[in-house]
There are 2 protein chains.
Amino acid sequence: MGDMNKNGPEAKLLVVDDEPNIRELLATSLRFAGFEVVSAGNGRDALAAAELHAPDLAVLDVMLPDMDGFTVTRRLRAAGKHFPVLFLTAKDDTEDKVTGLTVGGDDYVTKPFSLDEVVARIRAVLRRTQPQVDDDAVIRVDDLQLDDDAHEVRRGGTVIELSPTEFKLLRYLMLNPNRVLSKAQILDHVWEYDFNGDASIVESYISYLRRKVDIDPDAPALIQTKRGVGYVLRTAEKR
Amino acid sequence: MGDMNKNGPEAKLLVVDDEPNIRELLATSLRFAGFEVVSAGNGRDALAAAELHAPDLAVLDVMLPDMDGFTVTRRLRAAGKHFPVLFLTAKDDTEDKVTGLTVGGDDYVTKPFSLDEVVARIRAVLRRTQPQVDDDAVIRVDDLQLDDDAHEVRRGGTVIELSPTEFKLLRYLMLNPNRVLSKAQILDHVWEYDFNGDASIVESYISYLRRKVDIDPDAPALIQTKRGVGYVLRTAEKR
DNA sequence: CCAGACTCTGAACGTTTTCTGAGTGGGAGA
DNA sequence: TCTCCCACTCAGAAAACGTTCAGAGTCTGG
């Protein structure tokens with residue numbers, strides 16, 4: 001969830017990962033985010049799928065059974081395919097391998113990732129490489145605004161400093177104003193997919209966020225608790 | 001329950017649960033709610049039924065004799081079936097297993113559930129994934145309005161704070177305006193199916209609701225008692 | 001290598017909610 | 001009118017829930 005589906009698909013993506021769980025998780029999630037998705041489980045199939053479907057972007061695991069992601073990319077380029085690539089890398093992959101990735105509009109995220117982060121990165125790359133679509137990477141809710149490119153949050157002019165997790169949490173809330181989000185939903189979207197702790201961590205981070213976002217005790221609180229259900233970001237003007 | 005049947009069935013559902021009691025309870029209840037229902041008792045049959053009937057949504061117990069719900073889902077996706085899933089999980093299934101259940105428009109409810117909750121969740125998921133039908137998740141009766149997404153109730157503009165059970169009770173009443181509902185009916189729809197207390201609890205909650213909803217002593221009461229029969233939500237324009 | 005920031009867990013605390021039992025009130029039939 | 005029964009309300013116990021804090025462990029930048 002997060003964003004509503006537009007009329008047509010936003011863009012066509014090629015998802016390549018050899019672990020079926022991750023592949024399906026990504027495919028399902030990205031489809032729901034409004035993308036058209038085709039997927040492959042190895043480098044060979046990925047090349048064939050790229051030829052067949054002409055995607056706008058590929059989400060590509062660097063660790064594949066037959067050839068690594070860099071080889072796949074090189075062959076794609078050699079075949080005249082110049083769509084951008086979002087690499088999936090393991091966290092312990094030496095950094096120098098990763099540094100060369102962000103040239104040419106490509107980007108990467110480390111496994112395990114959070115689903116909303118992948119969607120955000122994909123949109124960011126597409127925004128850079130296909131600047132015709134004029135969504136400006138700024139989400140606004142009342143006097144709150146979150147700039148994805150600058151990674152900056154403001155409440156009525158003044159900047160609010162947030163930790164990475166706080167930022168992602170607020171981002172998810174702002175993408176779904178006036179809709180109650182359960183702790184499970186928040187966990188699934190904001191936290192990394194392999195997190196297997198308690199959903200109560202969401203309570204902690206809501207608490208941290210409120211301390212930074214809802215400071216003024218007189219103003220109506222933006223972040224509200226729906227006891228037994230979840231949390232909502234409530235706009236002032238509602239219907 | 002709830003709504004009157006339209007001309008055709010609202011959507012086609014696949015119900016999968018190995019306990020025959022629960023399966024039949026769900027199937028009967030959902031049929032009455034206007035859905036077309038097919039059911040299966042294990043993962044294998046579920047996959048076959050999905051192939052044969054092409055449902056719009058599946059209600060899927062995560063604990064099945066042959067394979068768990070996640071495996072079923074993954075195989076469905078691999079087979080190109082991308083309809084949303086509403087998972088049924090046991091509450092004591094240490095909830096960390098919940099990871100990934102709410103992505104892609106999917107959702108879950110914990111056993112034991114209340115029947116109206118399941119119907120509400122199904123409608124919510126269908127609304128999110130099939131946005132062509134533009135019912136906007138708001139139920140209106142006179143100047144009362146109940147917003148399912150925001151989980152918020154208003155009486156003529158002002159917000160009314162309700163506890164979860166109060167909310168579900170009012171919701172059930174609003175789905176059946178001008179129809180007398182017996183305490184047994186209310187209990188069956190609003191409370192969890194394993195509740196084995198007295199029906200007099202309905203009286204208590206009606207009392208709580210009135211205190212919040214029918215405050216104005218001059219205005220005609222919305223919630224009315226039919227002595228010996230049950231309760232009605234009575235609209236102003238009606239008889 | 002150190003200091004600070006960040007993430008996550010567990011526990012304490014206060015609050016809300018759920019449910020039950022008992023007393024009170026009022027409607028309807030005899 | 002009287003009586004019986006149903007419904008209403010209140011009060012209280014137990015459980016569930018959410019908030020916050022302190023602390024342990026980890027990561028990161030200087």
Side-chain angles (χ1 to χ4, degrees), chain A residues 90-95 98 110-114 117 151 160-170 173 180-184 186-187 190-215 217 221 223-232, chain B residues 91-92 94-96 99 110 112-114 117 151 153 160-170 180-184 186-187 190-215 217 221 223-232:
Chain A
K91 197 172 288 175
D92 58 344
D93 275 356
T94 46
E95 295 238 3
V98 179
T110 58
K111 283 186 178 186
F113 44 78
S114 84
E117 172 129 35
H151 216 266
I160 299 177
E161 297 294 340
L162 298 181
S163 79
T165 305
E166 289 164 1
F167 185 88
K168 280 184 270 187
L169 173 56
L170 181 59
L173 293 174
V180 183
L181 301 167
S182 71
K183 275 171 256 185
I186 295 174
L187 216 52
V190 175
W191 265 260
E192 298 170 351
Y193 58 77
D194 71 338
F195 177 84
N196 70 340
D198 204 78
S200 68
I201 192 167
V202 177
E203 298 167 2
S204 288
Y205 271 85
I206 288 283
S207 173
Y208 300 153
L209 251 194
R210 283 206 247 244
R211 212 176 299 169
K212 297 181 176 179
V213 172
D214 273 328
I215 316 172
I223 303 172
Q224 301 203 341
T225 307
K226 291 288 170 178
R227 192 166 235 264
V229 189
Y231 297 95
V232 217
Chain B
K91 194 173 288 174
D92 59 340
T94 44
E95 302 231 3
D96 48 17
T99 321
T110 57
F113 45 77
S114 82
E117 172 128 35
H151 220 265
V153 173
I160 300 177
E161 298 292 342
L162 298 180
S163 80
T165 304
E166 288 164 3
F167 186 89
K168 281 184 268 189
L169 172 56
L170 180 60
V180 182
L181 302 167
S182 71
K183 273 171 260 188
I186 294 174
L187 215 52
V190 175
W191 266 261
E192 297 171 351
Y193 59 75
D194 71 339
F195 178 82
N196 64 343
D198 197 272
S200 69
I201 193 167
V202 177
E203 298 169 6
S204 287
Y205 271 86
I206 288 283
S207 170
Y208 299 153
L209 253 193
R210 284 208 246 246
R211 210 177 300 170
K212 297 181 176 180
V213 172
D214 273 328
I215 316 172
I223 303 171
Q224 301 202 345
T225 307
K226 291 293 166 184
R227 187 162 243 266
V229 189
Y231 298 95
V232 217

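Lettering follows sequence order; numbering is per chain, from 1. Heavy atoms only: backbone and side chains are in, while hydrogens, waters and symmetry mates are out.
To the nearest 0.5 Å, atom CG of residue B:Leu187 and atom CG of residue B:Asn196 are 10.0 Å apart. Note: B:Ile186 CD1 to B:Tyr205 OH = 13.5 Å, rounded to the nearest 0.5 Å.
The salt bridge (Lys or Arg N to Asp or Glu O under 4.0 Å) check on B:Lys212 picks up B:Glu166, with sequence neighbours excluded. For B:Asp198, the side-chain hydrogen bond (donor to acceptor under 3.5 Å, both in side chains) partners two or more places apart in sequence, or in a different chain, are B:Ser200. Applying the side-chain contact (heavy atoms from CB on, under 4.5 Å) rule to B:Pro112 yields the partners B:Glu192, B:Tyr193, B:Asp194; only residues at least two apart in sequence or on another chain are considered.
Ring geometry, B:His151 versus B:Phe167: the interplanar angle falls under 30°, so the pair is classed parallel (tilted spans 30 to 60°). Classified by interplanar angle (parallel below 30°, tilted 30° to 60°, perpendicular above 60°), the ring pair A:Phe195/A:Trp191 is tilted.
Under the 4.5 Å side-chain criterion, counting only non-hydrogen atoms from C-beta, A:Leu173 is in contact with A:Leu209. Put simply, the side chain of B:Leu169 does not reach to within 4.5 Å of the side chain of B:Leu162, judged on heavy atoms. With a 4.5 Å cut-off on side-chain heavy atoms, A:Val202 and A:Tyr231 count as touching.
Nucleotides of DNA chain D that come within less than 4.0 Å of any heavy atom of chain B span, from the 5' end to the 3' end, D:dC6 to D:dA11.
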Quiz item: How does protein contact run along nucleotides 12-27 of chain C, one letter per nucleotide 5' to 3', with B for base contact, S for sugar-phosphate only, - for none, heavy atoms under 4.0 Å?
Solution: --BBBSBBB----BB-
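Using five terminal pairs a side, the axes of the helix from C:dC1-D:dG30 to C:dA30-D:dT1 at its two ends make an angle of 30°, given in steps of 10 degrees.
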